[in-house]
Amino acid sequence: MCGRYSLQSDPAQLAVDLDALDLASSPAAGNVPAEGPRAPRFNIAPTTTIPVLTAGAENRELLAMRWGLVPSWTKDPGDLPNLFNARSETAATKPSFRSAVRRRHAVVPMDGWYEWVPAPAQHEGGKKGPKQPFFMSLPGDSGLHMAALWERWTMPAADDDTTPDLFAHAESGDEDQAVEQVMYSCTILTTEALGPLRAVHHRMPLVVPPEKLDAWLDPEVITDPLDLVDDDELTAWAETIEIRPVSRAVSNVRNDGPELLEPVPNPEWFDAG
């Protein structure tokens, strides 16, 4: 899975790097999130506002979105689980994701992501020990592009007391909302972990190779997330990922500084092979 990640680049720099229009730094009136993503971020959690790459009408566009997809047909998002991940194997058939699979592909840029591995039990049948966080990234934290899906959801009027708080970990925005606003949200696709990444979790985010970015962003070219899943290619990619243990301070979402990425001693019980 992928439930926490790091991204140091701001939307303006990402737009340059990805040859995209920066619509994330200052979202259009009526869009939710109403404010652009903060940068740098070292501990991004679901419900946070993040920069997301989409195809756009004529050029690639970088948009501000809530991490945690809200399907367009939703009446009360409070009744939904937080859909921050979607399984690539089943997304095309799930009601929450199938419309986005057909029409709205995206990419979430990141420097790397975190996973937590519990220490083994000290004796057979005993409880596992405390969880050790690990950070996965390319050498030099040079940047990754993860496959995603996105949606638009028309929010109810601001004076509706039943409107749920969908930004539990995000910064407070403008309290003055229009009668109708449109929320942009996304989910990161995952696939079965391969290579050394199996040592930290049985799932991993689904990477989009740079040469396939445009093809993935166009759902008429790559129609199904499974078309990105090439075991040989993904295994080779997984072999390039560095896995380093980091401070347990990252477990608290309030902690958000560069010290979270500093390596700590590798546990004796951990072996990525």
Side-chain angles (χ1 to χ4, degrees), residues 1-11 14 18 20 22-25 27 31-54 61-72 74 77-78 80-88 91 94 96-97 100-101 104-116 135-137 143-153 155 164-173 181-191 201 203-208 216-217 225 250-256 260:
M1 63 180 297
C2 177
R4 208 76 69 82
Y5 73 92
S6 174
L7 176 65
Q8 298 188 48
S9 299
D10 61 26
L14 284 173
L18 295 169
D22 177 17
L23 304 181
S25 294
N31 284 11
V32 177
E35 297 182 356
R38 290 195 294 111
R41 298 296 304 270
F42 301 91
N43 196 5
I44 299 173
T47 76
T48 301
T49 300
I50 62 173
V52 179
L53 183 69
T54 66
E61 295 178 352
L62 198 68
L63 302 177
M65 296 193 191
R66 174 190 186 268
W67 182 20
L69 188 135
V70 177
S72 60
T74 301
L80 294 173
N82 193 344
L83 303 174
F84 58 90
N85 282 165
R87 294 174 67 94
S88 59
K94 296 294 184 180
S96 295
F97 306 125
V101 169
R104 286 172 290 278
H105 295 182
V107 163
V108 171
M110 64 176 65
D111 297 333
W113 76 100
Y114 300 95
E115 295 290 1
W116 282 256
F135 185 70
M136 277 64 63
S137 66
L144 298 162
H145 305 131
M146 299 309 187
L149 305 170
W150 68 281
E151 275 286 5
R152 301 184 187 92
W153 176 64
M155 301 179 67
D165 179 8
L166 299 177
F167 291 86
H169 295 304
E171 303 76 17
S172 298
Q181 291 185 310
V182 178
M183 173 180 288
Y184 289 76
S185 64
C186 69
T187 187
I188 294 175
L189 287 157
T190 67
T191 188
H201 201 277
R203 306 288 296 176
M204 67 181 190
L206 179 58
V207 68
V208 182
W216 166 247
L217 292 175
V250 73
S251 300
N252 187 335
V253 73
R254 293 186 178 88
N255 297 328
D256 189 16
L260 299 180

Walk me through it: do N31 and L23 pass the test side-chain contact (heavy atoms from CB on, under 4.5 Å)?
CA-CA 11 Å; N31 284 11; L23 304 181; over 6 Å; no

Residues in side-chain hydrogen bond (donor to acceptor under 3.5 Å, both in side chains) contact with S25, at least two apart in sequence or another chain
D22

Shortest non-hydrogen contact between L144 and G112, atoms and distance
CD1-CA, 4.2 Å

Does any non-hydrogen side-chain atom of M65 lie less than 4.5 Å from one of T54?
yes

Is the shortest heavy-atom distance from the side chain of L83 to the side chain of P81 under 4.5 Å?
yes

Between W116 and S251, which heavy-atom pair has the shortest distance, and what is it?
NE1-OG, 2.8 Å

Under the side-chain contact (heavy atoms from CB on, under 4.5 Å) rule, what do I50 and C186 come out as? Steps first, then yes or no, please.
CA-CA 9 Å; I50 62 173; C186 69; 3.7 Å; yes

Determine yes or no for a side-chain-to-main-chain donor-acceptor pair under 3.5 angstrom, with N43 supplying the side chain and N255 the backbone.
yes

Which atom of A20 lies closest to which atom of L53, heavy atoms considered:
CB-CD1, 3.7 Å

On a heavy-atom basis, the closest approach of D111 and Q8 is OD2-N, 2.8 Å

Measuring only between side-chain heavy atoms, which start at C-beta, is L189 closer than 4.5 Å to M146?
no

After noting the C-alpha distance and the side-chain angles of H145 and V207, does the key distance pass the side-chain contact (heavy atoms from CB on, under 4.5 Å) rule?
CA-CA 6 Å; H145 305 131; V207 68; 5.5 Å; no

Stepwise, does the side-chain contact (heavy atoms from CB on, under 4.5 Å) test hold for W153 with S185?
CA-CA 8 Å; W153 176 64; S185 64; 5.8 Å; no

Pairwise distance CE(M155) to CE(M183) - rounded to 0.5 angstrom
4.0 Å

Shortest non-hydrogen separation from V108 to A148 and the atoms involved
CG2-CB, 3.7 Å

With heavy-atom distances below 4.5 Å as the criterion, would you say the side chains of D256 and R41 are in contact?
yes

Can you measure from CZ (F97) to CG (L149) and round to the nearest 0.5 angstrom?
7.5 Å

Looking at every non-hydrogen atom in both residues, tell me the closest pair between T187 and A86 and how far apart they are.
OG1-N, 3.4 Å

Is any side-chain heavy atom of W113 closer than 4.5 Å to a side-chain heavy atom of R4?
no

Minimum side-chain heavy-atom gap P37-P11 below 4.5 Å:
yes

Is the shortest heavy-atom distance from the side chain of M204 to the side chain of T191 under 4.5 Å?
yes

Once rounded to the nearest 0.5 Å, what's the spacing between atom OH of Y114 and atom CD1 of I44?
9.0 Å

Got C2 and F84 here, is their nearest side-chain heavy-atom distance under 4.5 Å?
no

How are the rings of Y5 and W67 set to each other: parallel, tilted or perpendicular (split at 30° and 60°)?
perpendicular

How far does CG of L206 sit from CG of N85, to the nearest 0.5 angstrom?
11.0 Å

